[in-house]
Structures are given as C-alpha cells and as structure tokens.
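The next block holds one structure in the form of structure tokens; read it before the comments.
Keep in mind that this is a model prediction, so the values were computed, not measured.
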Amino acid sequence: MEINNSKLYSTDFQKIVDFWTNYSLNNIVWDKKFENCLSKNTSEDIRNEFNSKFKWFKGGRCDLKKTLFSNKKAFEIFITYFDSNRNIKKDITYQNFLVVCAEYVKKINAFNNISNVMIIGTASPETTTIMISTALTGKCHSVLFEDLSTEAILSRIRIFNPELIFVRSTFNFQSYQQIKKYCDQNRIIIEKYSDLYLKNDLNKDQINLHCDQLKEYKDIPNIYVSNDQFLFCLFTSGSTGKPKAIWHSFIQYLVFTKYTFQKFFLDSGASGGIFCATDAAWINGHTYAVYGPLITNTRTIFIDNLNTLQNPRNLELFLSLTNPSFLYSSVTLLRAIRSIALITNSINLSKVNSLKGVGSCGEPLADEVGKWALKFFNCSNKYIVNTYFQTETGGVITAPLFNDNANMNFANVGKSNFPVEVFIDKNHNSLYIPYPWPGCFSKVTSDKKPNYFNKNNEFLLHDQGFFDHDSFLFIGGRTDDVINVSGHRISTAEIESTCIDSQFNITEAAAVGVDDEITGSKIVLFCIGGLIQQLDKEKIKNYIKQKLTPFHKPWKIILISELPKTKSGKIARRILRKVASSDFSFENEDLSTITNYESFMLTLKKMR
C-alpha cells in the first residue's frame with residue numbers, strides 16, 4: 001500500500017525517497033531490486049509489540065555475504081584487540097575472521113528451528129564474530145551485558161525468546177547455573193565460547209586474494225535477506241527502569257549504517273581505524289564498532305577493559321600501540337579521563353600522533369570538556385564529532401561535520417541537514433524528525449505503548465533543544481528531565497555544562513527537579529569535583545544565576561563522589577530524583593543495569 005498522507009507527497013518528501021533509493025541501489029548488493037523504497041506500514045500492533053509507521057525496500061532482497069565482504073582483501077586487518085593485562089595487541093585479518101565465521105555459521109545452521117540468537121558478552125572479537133555469523137544465517141541476534149543480574153538477563157530472555165544462547169566461558173558460574181536451569185526448562189540451547197582467535201596465521205598463498213575468493217567465504221552458504229527480517233534487538237530502560245526491546249531490520253539498518261559511518265566518521269578521519277569506546281550491547285557498539293567498520297572496510301579496535309583507559313598513562317600506551325585514527329568515546333569516559341588528567345597534571349598525550357579526530361556520545365558534551373579533549377589528544381581536527389542519536393534511530397542523526405563553519409562552543413551537535421533533519425516544536429522546544437529515514441526501528445516491544453509518532457507521522461525524539469544564530473543545534477536533555485520552575489522550562493544540560501565550565505574544578509554534574517508547592521519544581525544539583533570538601537555551594541549557585549538566569553539557580557547542591565551511570569554512560573537521573581526527594585525505595589530494585597551501582601550505593605550510605 002502506498003503512503004496516503006497528503007503531506008508526504010511534498011517536494012521535500014520526494015527528494016527523501018529519491019535520495020535513499022539512489023543511495024541504497026549503489027551501496028547494497030541486491031539479489032532482487034525492491035518494488036518501493038518507502039511505503040506505509042499497515043501492520044497492526046499486537047499486545048505489547050508496536051510497529052514503525054513505515055516500511056522500507058518492499059519486495060527487495062539483499063545479498064548479505066557480498067554486501068559485507070565484497071572488495072575486501074584477505075590479508076587486510078579487520079579487528080585489533082588489546083589485552084590490557086599483558087599490554088599486547090592481536091590483529092585479526094578478514095581471512096582469520098571468515099575462518100571462524102564459517103565455523104559458527106555451520107554451528108548455528110546445525111540447530112533446527114532457530115530464529116533468535118542471544119549473546120551474553122562484552123565488546124570483543126568473539127562477540128563480533130557471533131553477531132556476524134548469526135546475521136549470515138539470516139537469524140536475529142541480541143547482545144546483553146554480561147554483568148547484568150541474573151533476573152535482568154532472564155527478563156530479557158523472556159522478551160526476546162531466543163532458541164539459542166551463547167555465553168562466554170568466564171561468565172559468573174552461579175548466574176550461569178540459574179540461566180541454564182531456565183533454558184533447560186524452556187528448551188533453549190545454551191553454548192559456551194572462549195577465545196576464538198588463539199591462532200591467526202595467514203595463508204601466504206592467499207595473500208593477494210579477495211575475501212570472495214577464499215574457501216572459508218565459499219563455505220558460508222549464500223544468504224539473501226529481505227527487510228521484513230530482523231537483524232538484531234537491543235534493550236533500553238524506560239522511565240520505569242523496565243527493559244524495552246528495540247528491533248532493527250536487515251536492509252534499512254545496513255543502508256543507514258553505511259551512510260552515517262561515511263558521513264560522520266570516515267569523512268572526519270576514521271579511515272585509519274576507529275576505536276569505539278562503548279559496549280557491544282549499545283547501539284553505537286553495533287553500528288560504529290561492528291557493522292559500520294565491516295561494511296566500509298575500516299579497521300575496528302577493541303580492548304578487554306575500558307575502565308583501564310581512565311588512567312592517562314594506560315590510555316597513551318593503548319593508543320600508541322593500536323594506532324586508531326579516530327576515537328569515539330562516551331562523554332562519561334572523557335570526563336573521567338579529564339578528571340584524572342587534571343589531578344596528575346597530564347597536559348596531553350605526547351606519544352600519540354595517530355589521532356585525526358575525536359567523537360563523543362551519550363551525555364551532553366560540555367564546551368570545556370570538548371576544548372580539553374582536542375588539546376589532550378593532539379587531534380588534527382579542530383572540531384568534536386559530538387553525536388546525537390538514540391537506540392531507536394539506528395545511528396547518528398546529526399553531528400558536526402568537517403565542512404561546517406567552525407562553532408567555538410563544542411557543546412553543539414552540528415547543523416541538522418538533509419536527508420535526516422531535526423526540527424523544533426516551538427510550543428515546547430521539543431525535537432522531531434518530519435520525514436522517514438531508514439535507520440528508524442522496525443518494531444518496539446514494551447510493557448506500555450510508546451509515543452514515537454504524532455498524528456502527522458513525524459518522529460518525536462522526546463528531547464529539548466535549540467538552534468543558535470549560526471544554525472548549530474544544542475541538546476537540552478530529555479523532555480522528562482526538563483524542570484519547570486515558576487512556569488520557566490529549565491534545561492538540565494544547560495545548568496550542568498555551565499557548572500562544569502566554571503572555575504570550581506567540577507568534573508561532573510547532574511541537575512534534577514523535585515516537587516515544590518509554590519514554584520512547581522525546584523532544582524537540585526549533584527556535583528563531583530577533585531576536592532569536594534573545598535567546593536563553596538553558595539558561590540556555585542550564584543555563578544549559575546549570573547551566567548544563566550535566577551530561575552536556573554539551584555535550590556540545593558549535593559556534593560557527591562560518584563553518579564549512577566547506565567551501561568551506555570548516561571546518568572541515571574530517575575535514581576537521582578529519588579535521592580533528591582529522600583526516597584530510597586530504589587535500593588530494593590534490581591540496579592544491575594547501573595554499571596557502578598555497588599560503589600554508588602556505598603557513596604549514598606556514607607552520605608546518610
């Protein structure tokens with residue numbers, strides 16, 4: 001069925017359709033060309049499953065093996081893996097990778113009636129291999145953080161309904177036993193895996209061959225996928241903390257992945273190798289550490305323990321040995337590195353000269369952190385690829401580009417432009433995307449109906465923001481996080497950035513609102529600094545008032561040594577709102593989705 005919304009027959013909409021039609025035809029290997037690039041999705045929502053409003057590439061079939069591996073030489077390095085315990089790196093070529101993929105494709109295909117495969121692990125060559133192997137069988141995969149609680153893992157298993165689960169051999173034994181018991185009761189196959197690349201010899205007779213000439217490539221059956229098939233499912237936590245499953249389809253996701261990887265990363269210097277300092281169970285770990293590098297023939301870099309990189313000495317050693325040309329990091333990690341660098345008086349990484357660019361993701365980037373990062377990492381780029389995205393968007397929807405006119409405030413996320421444009425609803429300053437794009441999710445599984453599309457089929461991002469006079473976009477935070485003080489809608493990101501940019505040596509900050517009978521809400525600001533006990537709360541309050549407005553002035557400042565963070569590096573503000581209201585009922589909840597929940601709980605006990 002063709003789209004019948006009259007708005008979508010506009011010239012702008014036809015330009016969108018023409019662009020993605022031409023791009024997909026030139027960047028995906030098609031076994032069968034699609035009938036329609038874009039059409040209306042008439043599938044009805046069923047119980048707790050909610051569909052996107054649009055369908056892409058109707059009737060088309062992608063030759064997945066050729067799309068992923070064509071024009072790649074066998075001896076080229078696909079993955080560099082760094083062992084921080086022994087300070088050594090391991091290079092994995094496409095031939096090495098295909099040898100193990102062929103084994104796992106055969107393993108997965110040997111099981112009958114498999115449609116969903118779950119992987120419990122970390123960002124690693126092994127997780128990457130099982131992800132791609134699953135895709136090469138036409139099955140859907142889902143990656144989970146292995147340090148989730150047993151109940152958190154089981155709740156996601158119940159939603160995803162896998163028939164096969166791969167678990168790393170070093171996984172917690174007690175958790176494994178409980179999960180295996182559940183799997184045995186529900187006829188789910190569970191398999192352990194360990195180091196898959198103990199031997200990485202390259203056959204010198206095949207050094208000049210391309211991937212499609214290798215025996216291992218030919219051993220993998222040809223696979224043709226339609227866009228009705230799901231490639232993967234990732235989980236996010238809603239405002240209640242309950243997991244929400246986001247499903248992405250094969251073809252439209254790969255199209256958007258290749259487009260955004262080229263636009264935001266290769267064009268900013270990532271061709272020499274990208275280190276995506278995020279976890280595999282996050283959308284950026286899928287798009288820019290696995291599928292983006294693979295589909296564009298770019299080396300991707302992994303490390304066994306991200307936390308070791310907070311120390312500038314470890315970071316310098318890692319970067320000098322692995323030589324990425326682009327570092328893509330969570331803002332949380334950048335803040336942590338900066339905090340230790342300030343304490344140790346580390347001005348820059350003098351031994352690192354390979355980096356052309358730095359990108360950021362997760363939390364809003366403070367201008368001061370952006371300026372510090374460019375100097376600290378000795379980047380040749382004079383801008384930060386400060387990315388804006390959601391799990392639902394499939395990848396980056398806007399970020400600063402190399403050809404943007406320079407903006408001296410590094411908190412911006414670039415100029416929103418064709419073909420994925422972000423607009424602002426002037427009534428609420430909330431962001432939305434007026435036209436479809438292929439990175440959008442295909443289905444969401446949730447315990448409550450999500451609100452993604454308005455009556456005009458425009459996609460609601462549920463974030464606030466504004467454009468400056470040069471058309472650069474700034475994100476003000478989630479609409480749920482906006483604080484209403486005496487009728488004034490206050491952006492939490494604005495308060496936090498001002499606080500970090502101040503002279504008080506504050507390294508991290510989080511603002512939340514608590515109810516007030518008179519003003520509606522009042523602001524509570526949590527601050528982390530090098531010397532917490534020396535921070536003057538009244539001076540901080542007045543500084544924020546002076547730099548912003550009286551309505552931005554915090555009612556209360558809480559000095560704290562640690563903030564609760566999700567696995568993706570975002571601050572768990574729903575927990576801070578409860579702390580600010582002296583509601584500690586969350587202590588009885590499952591907090592394993594909070595990466596530092598044990599140390600954060602210890603911090604709270606010291607405060608009380």
Side-chain angles (χ1 to χ4, degrees), residues 46-50 108 114-124 126-127 130-131 134-135 139-168 170-193 230-249 253 278-287 290 390-392 394 441-450 565-570 572 574 586 589-595 597:
I46 303 175
R47 294 189 301 277
N48 62 341
E49 295 189 348
F50 307 93
I108 294 169
I114 297 291
S115 58
N116 292 344
V117 177
M118 181 168 277
I119 308 158
I120 303 175
T122 59
S124 66
E126 286 72 27
T127 299
I130 301 174
M131 287 169 62
T134 302
K139 312 296 192 295
C140 177
H141 63 70
S142 182
V143 180
L144 297 187
F145 301 104
E146 64 180 7
D147 54 353
L148 289 174
S149 72
T150 304
E151 184 50 45
I153 291 174
L154 289 174
S155 67
R156 286 155 176 77
I157 290 174
R158 296 185 191 105
I159 294 171
F160 183 59
N161 290 320
E163 296 87 6
L164 174 61
I165 299 177
F166 287 101
V167 179
R168 198 161 65 153
T170 55
F171 184 61
N172 180 274
F173 178 77
Q174 187 176 2
S175 294
Y176 174 79
Q177 290 298 319
Q178 295 179 57
I179 293 168
K180 187 176 187 308
K181 180 180 178 181
Y182 177 87
C183 290
D184 291 343
Q185 292 171 345
N186 292 273
R187 297 182 179 180
I188 300 172
I189 303 163
I190 186 165
E191 293 268 322
K192 285 188 175 182
Y193 66 91
F230 295 118
L231 173 58
F232 66 84
C233 165
L234 284 177
F235 289 91
T236 66
S237 294
S239 58
T240 62
K242 293 183 178 180
K244 180 169 58 174
I246 312 296
W247 304 72
H248 286 275
S249 297
Y253 171 79
T278 61
D279 202 284
W282 196 21
I283 186 66
N284 277 27
H286 275 51
T287 308
V290 178
Q390 296 173 359
T391 305
E392 292 87 342
F441 68 85
S442 295
K443 182 179 75 172
V444 169
T445 305
S446 176
D447 61 331
K448 59 181 181 180
K449 186 174 182 178
K565 307 278 181 62
T566 67
K567 304 292 183 181
S568 59
K570 294 184 178 180
R574 64 183 181 87
F586 64 87
E589 299 175 10
D590 179 5
L591 296 178
S592 64
T593 55
I594 307 301
T595 188
Y597 71 97

Got a donor-acceptor contact below 3.5 angstrom from the [X] side chain to the [Y] backbone?
X: Asn186; Y: Ile188; answer: no
X: Thr134; Y: Ile130; answer: yes
X: Ser142; Y: Cys233; answer: yes
X: Thr287; Y: Gly394; answer: yes

Return the minimal non-hydrogen interatomic distance between [X] and [Y], and the atom names on each side.
X: His141; Y: Ile119; answer: CB-CD1, 4.3 Å
X: Thr127; Y: Ala280; answer: CG2-CB, 4.0 Å
X: Phe50; Y: Ser446; answer: CE1-O, 3.7 Å
X: Leu234; Y: Ala281; answer: CD2-O, 3.7 Å
X: Ile114; Y: Lys139; answer: O-CE, 2.6 Å
X: Asp279; Y: Gly121; answer: OD1-O, 4.3 Å

How many angstroms lie between [atom1] in [X] and [atom2] in [Y], if you round to the nearest 0.5 Å?
X: Cys183; Y: Ile157; atom1: SG; atom2: CD1; answer: 5.0 Å
X: Ile189; Y: Lys180; atom1: CD1; atom2: NZ; answer: 11.5 Å
X: Ile120; Y: Phe145; atom1: CD1; atom2: CZ; answer: 12.5 Å
X: Phe173; Y: Gln178; atom1: CZ; atom2: CD; answer: 11.0 Å

In the structure I gave you, are the side-chain heavy atoms of [X] and [Y] within less than 4.5 Å of one another anywhere?
X: Gln390; Y: Thr236; value: no
X: Phe171; Y: Ile153; value: yes
X: Glu163; Y: Asn116; value: yes
X: Tyr182; Y: Arg158; value: yes
X: Met118; Y: Ile165; value: yes
X: Leu154; Y: Ile179; value: yes

Check your understanding: By salt bridge (Lys or Arg N to Asp or Glu O under 4.0 Å), which residues pair with Lys192, not counting sequence neighbours?
Key -> none
Exercise for review: Just jot down the salt bridge (Lys or Arg N to Asp or Glu O under 4.0 Å) partners of Glu392, sequence neighbours excluded, or say none.
Suggested key: Lys244
Practice item. Could you walk me through whether Ile108 and Phe166 pass the side chain to side chain contact (heavy atoms under 4.5 Å, CB included) test, one step at a time? Key: CA-CA 10 Å; Ile108 294 169; Phe166 287 101; 4.2 Å; yes
Check your understanding: Quick one: side chain to side chain donor-acceptor pair (under 3.5 Å) partners of Thr445, sequence neighbours excluded?
Key -> Trp247
Exercise for review: On the 0 to 90° scale, with breaks at 30° and 60°, tag the His286-Phe232 ring pair as parallel, tilted or perpendicular.
Suggested key: tilted
Exercise for review: Quick one: do Glu146 and Arg168 satisfy side chain to side chain contact (heavy atoms under 4.5 Å, CB included)? Show the steps, please.
Suggested key: CA-CA 8 Å; Glu146 64 180 7; Arg168 198 161 65 153; 2.4 Å; yes
Review point. Would one find more than 12 heavy atoms of other residues, nucleotides or ligands at under 6.0 Å from atom CD of Gln174?
Key: no
